[in-house]
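The next block holds one structure in the form of structure tokens; read it before the comments.
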Amino acid sequence: MRLLTVNRRIRRWMGWLALILVASLLVILWQRFTTLQPVVTTPAQVEITKTDEPIQPIPLEIATDKPKVALGEQLFQDVRLSKNSQKSCLSCHSFSLGGADRIAHSIGIDGANTKVNTPTVFNVRFNFRFNWDGEFTNLADHLDALMSNPRTMGTQWPTAIRSLQQVPAYVRAFSQIYPDGVTATNIKDAIVAYELSLNTPNARFDRFLLGDKTALTSTEKEGYRLFKNYGCVSCHQGVNIGGNMFQPFGVIGNYLIDRGQIKPADLGHFNVSENEADRYVFRVPSLRNVAVTAPYFHDGSAQTLTKAIEQMTKYQLGRSLAKKQIEQIAEFLGTLTGEYRGKPL
Ligand code: HEC
Ligand code: HEC
């Protein structure tokens, strides 16, 4: 009888002990799991000023993570991130050339041309997808693809990490921000933080939107009226005046079939979705800073802004506008050039 109660007591104690053990194990596992979570900078929601217009201004101040941005800025210019140190991000995305390079197809690794025109890196945080065909929904995955793409950076993470680890200043800079030092995740995190900081607010048009009615000339205002009235704004709208939807290149007729010599890159979002309805469909590009990012279109086929506007009126709207109206729209588009770090692009 006594023996039985002792046995029962021991068993109860053992039960408690087991429970405590399991609980502490769970706590340890949970801690390990949470500390192993990758640090990934995602675009924090920025406060956008509402306007009565279909376009909103870029906020003048956008909070950034300064140490990460400084590190990302260095990495952006560093050829160590490419095959045999041939290119840096800046080679194709030059800040003195509107965040792109003003040629139809950039010259990449081993002299290979990029398959599409290089888009600007400015204001990418306001795009819902990345690349002309809208393949990527986040900038970290986009960077993975850029790094291994044989035409752009042409390298692999382990190689890039090794060459950064040979630079004591990088090892120090990384360890100050990231406990685990130079890793692919951390390189991406710093570059993405930098990309998210590349915004060009304070365009004349933004000042106009914010109430300064003298910020535009009467011709530019007329250009904006036409831009809205003809329906350009049904596709080019929002903060980035584009970058928030997919549309075919050719609603009325097909620009690419008329141009001829269709290449895989001309199939647009079809390459991503393999859905027939997405053939020749592209992410509508942003028109911010468009006056300084010629040539235009994913194939770089329009040399001038007026040429691009002409093609748009023909293929997206099925109209043909007088030269004067095209020029007025071009003048309006010229007011979309903003400032990077306080200097006009
Ligand atoms: C050889 C030229 C070249 C180099 C070097 C290069 N890029 Fe690009 N970049 C391009 C091209 C071309 C595209 C468009 C690709 C596509 O649409 O398929 C692009 C697209 C982008 C985009 C997407 C923009 C958008 O709105 O869709 C970002 C962001 C970007 N690059 C950042 C970078 C960063 C960061 C680096 C360095 C790690 C880099 N690029 C290096 C040519 C280059
Ligand atoms: C049906 C949607 C739609 C309409 C309407 C539209 N666009 Fe576009 N726009 C696009 C798409 C999609 C592209 C990208 C085409 C490509 O390169 O594949 C584009 C590209 C452009 C470009 C070139 C941007 C660059 O960086 O290469 C300009 C400039 C432009 N549009 C201006 C206009 C103007 C001005 C109007 C009105 C006259 C207009 N668009 C109407 C969808 C549209």
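Order of listing sets the numbers, starting from 1, for every ligand and every atom in it. Residue numbers start at 1 and run along the sequence shown. Below, each value reflects all heavy atoms present in this structure, side chains not excepted, and no hydrogens, waters or symmetry copies.
- Of the charged side-chain nitrogens involved, none lies within less than 4.0 Å of a carboxylate oxygen, so that K324 and E327 do not count as a salt-bridged pair.
- Taking every heavy atom of L143 and a limit of under 4.0 angstrom, the matching atoms of ligand 1 come to 35 (C), 38 (C).
- One finds no salt bridge joining R283 and D133 here, because no Lys/Arg side-chain nitrogen approaches an Asp/Glu carboxylate oxygen to under 4.0 Å.
- The nearest heavy-atom contact from the protein to atom 28 (C) of ligand 2 is L287 CD2, 3.5 Å.
- Of the heavy atoms in L146, only side-chain atoms (C-beta onward) come closer than 4.0 Å to ligand 1.
- Using modelled atom types, one side-chain atom of S286 and one backbone atom of N240 make a donor-acceptor pair closer than 3.5 Å.
- Residue L317 touches ligand 2 through its side chain alone, judged by heavy-atom distances below 4.0 Å.
- In summary, the side chains of N117 and H105 do not present any donor paired with an acceptor at a separation below 3.5 Å, with no hydrogens or angles considered.
- Close contacts of ligand 1 with S88, meaning ligand atoms under 4.0 Å from a residue heavy atom, involve 5 (C).
- Scanning all protein heavy atoms for the shortest distance to atom 36 (C) of ligand 1 gives C89 SG, 2.8 Å.
- Contacts of V116 with ligand 1, taken as heavy-atom pairs under 4.0 Å, involve both backbone and side chain.
- Side-chain atoms of Q74 do not come within 3.5 Å of backbone N or O of L71 as any donor-acceptor pair.
- Polar contact with ligand 1: absent for T114 (N/O pair, distance under 3.5 Å).
- If you check the side chains of D278 and S273, you find a donor sitting under 3.5 Å from an acceptor.
- For ligand 1 and V124, the ligand atoms under 4.0 Å from any heavy atom of the residue are 24 (C), 26 (O), 29 (C).
- Of the candidates Q247, Q311, H298, the one placing a heavy atom closest to atom 12 (C) of ligand 2 is Q247.
- Annotation: H93 places an N or O atom under 3.5 Å from an N or O atom of ligand 1; distance criterion only.
- Counting protein heavy atoms only, atom 29 (C) of ligand 1 is closest to E195 OE2, 3.3 Å.
- Near I191, with a cut-off below 4.0 Å to any heavy atom, the atoms of ligand 1 are 35 (C).
- In the hydrophobic clustering of this structure, V239 groups with V46; members are Ile, Leu, Val, Met, Phe, Trp, Tyr whose side-chain heavy atoms approach within less than 4.5 Å, directly or through other members.
- Side-chain polar atoms of S106 and T118 form a donor-acceptor pair below 3.5 angstrom.
- Linking Ile, Leu, Val, Met, Phe, Trp and Tyr residues whenever their side-chain heavy atoms come within less than 4.5 Å places I55 and I329 in a single cluster.
- Considering both main-chain and side-chain atoms, P295 never comes within under 3.5 Å of ligand 2 through any nitrogen or oxygen pair.
- Nearest to atom 14 (C) of ligand 1 among the protein's heavy atoms is P119 CD, 3.3 Å.
- Note on C92: not counted as a metal contact of atom 8 (Fe) of ligand 1, no N/O/S atom lying under 2.8 Å.
- At most 12 heavy atoms of other shown residues, nucleotides or ligands fall within 6.0 angstrom of atom CD1 in I107.
- Taking the centre and axis of the six-membered ring of F208, the NZ or CZ atom of K213 falls inside the cone set by 45° and 6.0 Å.
- The nearest protein atom to atom 33 (C) of ligand 2, hydrogens excluded, is given as M312 CG, 3.3 Å; this is a heavy-atom distance.
- Close approach of ligand 2 to I329 is summarised as follows: ligand atoms under 4.0 Å from at least one heavy atom of the residue are 35 (C).
- Within the 3.5 Å criterion, the main-chain N or O of P201 finds no donor-acceptor partner in the side chain of N199.
- Among all non-hydrogen protein atoms, the one lying nearest atom 2 (C) of ligand 2 is C235 SG, 1.9 Å.
- Not a single N or O atom of D299, backbone or side chain, sits closer than 3.5 Å to an N or O atom of ligand 2.
- Near T118, with a cut-off below 4.0 Å to any heavy atom, the atoms of ligand 1 are 10 (C), 11 (C), 12 (C), 42 (C).
- Of the options G231, G223, P285, A100, the smallest heavy-atom separation from atom 13 (C) of ligand 2 is shown by P285.
- Counting atoms of ligand 1 from 1 in the listed order, those under 4.0 Å from a heavy atom of G108 are 1 (C).
- Atom NZ of K228 sits in a crowded spot, with more than 12 heavy atoms from other residues, nucleotides or ligands closer than 6.0 Å.
- Of the heavy atoms in L321, none comes closer than 4.0 Å to ligand 2.
- If you look at H236 and ask which of its N, O or S atoms sits nearest atom 8 (Fe) of ligand 2, the answer is NE2.
- Checked by atom type, the side-chain pair T183/T185 shows no donor-acceptor distance below 3.5 Å.
- Residue contacts with ligand 2: Y230 is excluded, as none of its non-hydrogen atoms falls under 4.0 Å.
- Remark: the D266 side chain and the H298 side chain contain an N/O donor-acceptor pair separated by less than 3.5 Å.
- The main-chain N or O of V290 is never found under 3.5 Å from a side-chain atom of R288 such that the two would form a donor-acceptor pair.
- Ligand 2 is never approached by Y255 to a heavy-atom distance shorter than 4.0 Å.
- Heavy atoms of E135 found under 4.0 angstrom from ligand 1: none, in either backbone or side chain.
- Between the side chains of N289 and T120, no donor-acceptor pair of N or O atoms lies under 3.5 Å.
- For R283, the heavy-atom gap to ligand 1 drops under 4.0 angstrom.
- Not one N or O of S91 is nearer than 3.5 Å to an N or O of ligand 1, by distance alone.
- Only the side chain of N127 comes within contact range of ligand 1, with a heavy atom under 4.0 Å; no backbone atom does.
- For a threshold of 3.5 Å applied to N or O pairs, the pair formed by H142 and ligand 1 contains no separation below that value.
- Scanning all protein heavy atoms for the shortest distance to atom 17 (O) of ligand 1 gives W132 N, 2.9 Å.
- Ranked by closest heavy atom to atom 16 (C) of ligand 1, the top entry among N131, I103, L90 is N131.
- Contacts between Y296 and ligand 2 below 4.0 angstrom, taking non-hydrogen atoms only, involve backbone and side chain alike.
- Residue T152 approaches ligand 1 through these ligand atoms, each under 4.0 Å from one of its heavy atoms: 3 (C), 5 (C), 42 (C), 43 (C).
- Atom 38 (C) of ligand 2 has its closest protein heavy atom at C232 SG, 2.6 Å.
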